[in-house]
Student: 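Dumping the structure here so I can ask a few things about it.
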Amino acid sequence: MSLHESRRVQHEVRFRQLQVLRVERLTPHMQRIVLGGPQLEGFHSGAPDDHMKLFFPNDAGELVMPKRGPQGLEFPPGVEPSPMRDYTPRHYDAARGELTVDFVLHGDGPASLWAAAAKPGDMLGAGGPRGSFVVAGDFDHYVLVADETGLPAIGRWLEEMPASARATVLAEIPEASDRQLLFTEATCEVRWLERDGQDGAASTLLEDALRGLAVDGDAFYWIAAESRRARNLRIFLAERGVPKEWVRATGYWKADGTDDEDE
Ligand SMILES: Cc1cc2nc3c(=O)[nH]c(=O)nc-3n(C[C@H](O)[C@H](O)[C@H](O)COP(=O)(O)OP(=O)(O)OC[C@H]3O[C@@H](n4cnc5c(N)ncnc54)[C@H](O)[C@@H]3O)c2cc1C
């Protein structure tokens with residue numbers, strides 16, 4: 001019998017200062033940055049949609065990192081804290097001491113602007129991952145639905161899937177040249193949905209594709225997109241009768257500017 005038991009795992013949180021080792025422009029809107037340095041040792045990420053808090057230099061060019069206090073994250077007083085944003089550990093290679101992060105270049109904000117200009121030797125801070133959501137491996141089908149901010153998690157997930165798994169990917173990207181090579185042993189169909197100038201918060205390409213998708217058997221749905229869209233996609237699946245434990249929908253960015261998870 002299939003139980004579909006997904007589980008949450010907590011990790012001890014560590015804050016690290018990491019150094020840029022290499023930068024590679026994967027596609028026009030995706031910058032791959034490989035990080036390393038002695039503080040990377042002991043890094044752990046247990047699931048493809050894990051996220052870390054990344055800390056970027058403040059206006060004075062300094063990394064001002066928090067500590068965990070009784071009230072949550074506490075920054076040192078009297079200095080401008082580093083802006084922090086959520087990012088996916090795309091790949092971690094413990095033997096080489098390398099952590100890969102893929103940054104969407106959307107043209108605004110401390111993270112995207114930092115990534116666009118990053119070069120070997122630059123520093124950034126990282127905290128976490130604090131926990132992992134490990135999705136049950138016994139679903140008949142995995143439906144991965146995301147805009148470009150979810151592509152790092154999808155790429156990692158496909159790489160980690162066993163050959164016995166079946167997946168469908170609905171991936172919304174700015175334009176055709178943002179398609180990426182995705183590797184997997186699973187049976188997988190990838191549908192690229194290109195916005196071609198449409199706004200990422202207003203597009204309905206993912207919604208239309210999901211509405212038209214026929215899925216056999218028990219399917220787990222993973223969704224990452226602009227917050228309002230992620231919420232609406234979750235509501236759509238609920239109305240279709242998909243059990244809520246079979247859906248993980250997260251707002252990966254907000255059109256009004258605050259980054260926030262909506263899970
Ligand atoms: C769990 C999780 C994992 C994530 N993993 C990744 C990842 O691996 N790679 C990645 O690139 N992003 C990822 N994101 C999304 C990323 O955290 C946000 O896009 C974040 O807002 C980027 O910060 P910023 O400093 O560049 O822009 P902000 O300062 O947050 O925003 C500046 C302006 O840009 C807009 N904006 C922000 N993000 C986008 C976007 N993607 N497209 C268009 N406009 C945008 C805002 O509405 C605002 O107007 C993840 C988010 C979550 C919650």
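All ligand and atom numbering here is 1-based and tracks the order in the structure. The structure displayed is predicted, hence computed values, not measured ones. Side-chain atoms are counted along with the backbone in the values below, which use heavy atoms only and exclude waters and symmetry mates.
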Student: Using distance alone, decide if ligand 1 has a nitrogen or oxygen within less than 3.5 Å of any nitrogen or oxygen in D256.
Tutor: no
Student: Show me the side-chain donor-acceptor pairs of residues 196-205 shorter than 3.5 Å, one per line, residues at least two apart or across chains.
Tutor:
| unit_1 | atom_1 | unit_2 | atom_2 | d |
| --- | --- | --- | --- | --- |
| D199 | OD2 | A201 | N | 3.1 |
| D199 | OD2 | A202 | N | 3.3 |
| S203 | OG | E172 | OE1 | 3.0 |
| S203 | OG | E172 | OE2 | 3.2 |
| S203 | OG | L205 | N | 3.1 |
| T204 | OG1 | D208 | OD2 | 3.2 |

Student: With a 4.5 Å cut-off on side-chain heavy atoms, are L40 and F43 touching?
Tutor: yes
Student: Heavy atoms only: which of D147, T100, D108 lies closest to atom 33 (C) of ligand 1?
Tutor: D108
Student: Can you sort out which atoms of ligand 1 are near K254, meaning under 4.0 Å from one of its heavy atoms?
Tutor: 46 (C), 47 (O)
Student: Under a 4.5 Å cut-off applied to non-hydrogen side-chain atoms, are H91 and D93 in contact?
Tutor: yes
Student: With ring centroids as reference points, do W246 and F220 lie under 6.0 angstrom apart?
Tutor: no
Student: Please work out, at 4.0 Å between heavy atoms, whether the side chain, the backbone, both, or neither of E226 comes within that distance of ligand 1.
Tutor: neither
Student: With a cut-off of 4.0 Å, which atoms of ligand 1 are near a heavy atom of P110?
Tutor: 25 (O), 29 (O)
Student: Could you tell me whether R85 and ligand 1 have an N or O pair separated by under 3.5 Å?
Tutor: yes
Student: Mark the output for T250 as yes if a heavy-atom distance to ligand 1 is under 4.0 Å, and as no if none is.
Tutor: no
Student: Check whether any N or O atom of D86, backbone or side chain, sits under 3.5 Å from an N or O atom of ligand 1, and answer yes or no.
Tutor: yes
Student: Quick one: which ligand 1 atoms are inside 4.0 Å of a heavy atom on T88?
Tutor: 3 (C), 4 (C), 5 (N), 6 (C), 7 (C), 8 (O)
Student: Step by step, would you call L35 with V20 a side-chain contact (heavy atoms from CB on, under 4.5 Å)?
Tutor: CA-CA 5 Å; L35 302 162; V20 174; 4.0 Å; yes
Student: If the cut-off is 4.0 Å to any non-hydrogen atom of P152, which atoms of ligand 1 fall inside it?
Tutor: 7 (C), 8 (O), 9 (N)
Student: Going by the atom numbers of ligand 1, which of them fall below 4.0 Å from some non-hydrogen atom of A111?
Tutor: 23 (O), 24 (P), 25 (O), 26 (O)
Student: May I ask you to say whether E41 pairs ionically with R14, meaning some side-chain N is under 4.0 Å from a carboxylate O?
Tutor: no
Student: When you measure from the centre of the six-membered ring of F133, is the NZ or CZ of R248 under 6.0 Å away and within 45° of the axis?
Tutor: yes
Student: Considering the heavy atoms of F103, write down every atom of ligand 1 situated less than 4.0 Å from one of them.
Tutor: 11 (O)
Student: Who are the ring pair (Phe, Tyr, Trp, His ring centres under 6.0 Å) partners of Y142, not counting sequence neighbours?
Tutor: F139
Student: Using a heavy-atom cut-off of under 4.0 Å, does the side chain or the backbone of L113 touch ligand 1, or both, or neither?
Tutor: neither
Student: Heavy atoms, side chains only, cut-off 4.5 Å: are P81 and N58 in contact?
Tutor: no
Student: Is a salt bridge present between E148 and R195, judged by a nitrogen-to-oxygen distance below 4.0 Å?
Tutor: yes
Student: Is there a heavy atom in G251 that sits closer than 4.0 Å to ligand 1?
Tutor: yes
Student: Under 4.0 Å from any heavy atom of A255, which atoms of ligand 1 are there?
Tutor: 47 (O)
